[in-house]
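Inspection log for the structure reproduced underneath, given as structure tokens.
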Amino acid sequence: MLYSAANEGFFPKSWAVLNQAQMPERALWLLFVAFSLSLVILSVGWLSVAQMMTLVSQNFMVLYAVSLLAYWRIIWLRPSVVAVLMGIVATGSCVFLLQGFTWWWLFPLTLLGFGAWRGRCCLGT
């Protein structure tokens with residue numbers, strides 16, 4: 001994922017360099033460092049396993065919410081009763097689940113906003 005994002009210009013191009021075996025070695029090392037930092041944070045006790053699982057879960061929920069926005073945009077063009085009912089149920093469940101994260105959902109939302117800003121501002125898309 002880091003390699004692909006760097007290749008598209010979201011991250012530094014140096015992360016998208018392939019080694020002689022055609023592997024994105026720098027991106028793999030960055031992931032290794034990130035996962036090692038996660039283990040250190042857990043072992044030191046700065047975050048508990050439950051808090052780390054909350055961070056992971058909320059990231060998926062924010063992506064689910066963004067997917068719902070895309071779904072609503074698509075069915076807006078050709079609405080049907082079934083599609084709208086499915087959208088209402090999915091949106092309701094997403095809102096209900098996001099309420100449980102309190103302020104923690106700001107982290108993935110900030111990352112998402114940064115990515116959107118970077119894509120529009122710096123990449124011209």
Side-chain angles (χ1 to χ4, degrees):
M1 188 166 53
L2 285 178
Y3 167 76
S4 178
N7 210 20
E8 293 290 325
F10 285 101
F11 293 128
K13 287 285 187 187
S14 63
W15 295 3
V17 174
L18 300 175
N19 65 10
Q20 293 175 350
Q22 298 301 307
M23 299 289 291
E25 186 175 353
R26 291 180 185 168
L28 291 173
W29 276 108
L30 283 167
L31 286 175
F32 173 76
V33 169
F35 289 128
S36 297
L37 273 170
S38 298
L39 290 174
V40 167
I41 287 170
L42 277 172
S43 63
V44 171
W46 289 337
L47 289 175
S48 67
V49 173
Q51 289 171 322
M52 291 289 263
M53 294 304 289
T54 299
L55 284 171
V56 170
S57 299
Q58 74 181 3
N59 289 339
F60 285 112
M61 286 305 302
V62 169
L63 287 175
Y64 178 56
V66 172
S67 299
L68 278 171
L69 290 174
Y71 176 79
W72 280 109
R73 187 173 180 185
I74 290 170
I75 67 166
W76 190 260
L77 300 174
R78 294 190 181 155
S80 71
V81 174
V82 174
V84 170
L85 287 175
M86 286 177 53
I88 290 170
V89 169
T91 303
S93 68
C94 183
V95 167
F96 173 75
L97 291 171
L98 281 174
Q99 287 177 356
F101 294 122
T102 63
W103 63 272
W104 285 80
W105 61 270
L106 290 174
F107 173 71
L109 202 60
T110 303
L111 291 177
L112 187 67
F114 176 75
W117 169 79
R118 175 100 167 121
R120 288 178 188 261
C121 171
C122 303
L123 300 178
T125 58

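None of these values were measured; they are calculated from a predicted model.
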Any chain of hydrophobic side-chain contacts (each under 4.5 Å) joining L97 to V56? no
Return each pair, listed once, that meets side chain to side chain donor-acceptor pair (under 3.5 Å) where at least one residue sits in residues 78-93; pairs must be two or more places apart or across chains. W72-T91
If you round to the nearest 0.5 Å, how far is CG of L18 from CD of E25? 10.5 Å
Heavy atoms from other residues, nucleotides or ligands near OH of Y64 exceed 12 (cutoff 6.0 Å): yes
Would you check if the side chain of R26 reaches a backbone N or O of S14 as a donor-acceptor pair within less than 3.5 Å? yes
side-chain contact (heavy atoms from CB on, under 4.5 Å) filter on V49, not counting sequence neighbours, yields L42, M53
V40 with L55, same ILVMFWY side-chain cluster at under 4.5 Å: yes
Between the CH2 atom in W15 and the CG atom in L31, the distance rounded to the nearest 0.5 Å is 9.5 Å
Can you see which heavy atom on A83 is nearest to which on Y71, and at what distance? O-OH, 2.9 Å
What about V89 and W76, same hydrophobic cluster or not, with Ile/Leu/Val/Met/Phe/Trp/Tyr joined at side-chain heavy-atom distances under 4.5 Å? no
State the CG-OG1 distance between L47 and T54, to the nearest 0.5 angstrom. 9.5 Å
Heavy-atom closest pair, residues Q51 and W46: OE1-O, 4.2 Å
Hydrophobic clustering (ILVMFWY, side-chain heavy atoms < 4.5 Å, transitive) - are F96 and L68 grouped together? yes
So how far is it from M52 CE to S57 OG, rounded to the nearest 0.5 Å? 12.0 Å
Do V82 and I75 share a hydrophobic cluster, counting only Ile, Leu, Val, Met, Phe, Trp and Tyr and linking them when any side-chain heavy atoms are less than 4.5 Å apart? yes
Any chance you could measure F60, atom CZ, to S67, atom OG, to the nearest 0.5 Å? 11.5 Å
Could I get the full list of side-chain contact (heavy atoms from CB on, under 4.5 Å) partners for A21, not counting sequence neighbours? N19, M23
Where do A65 and C94 come nearest, in terms of heavy atoms and distance? CB-SG, 3.7 Å
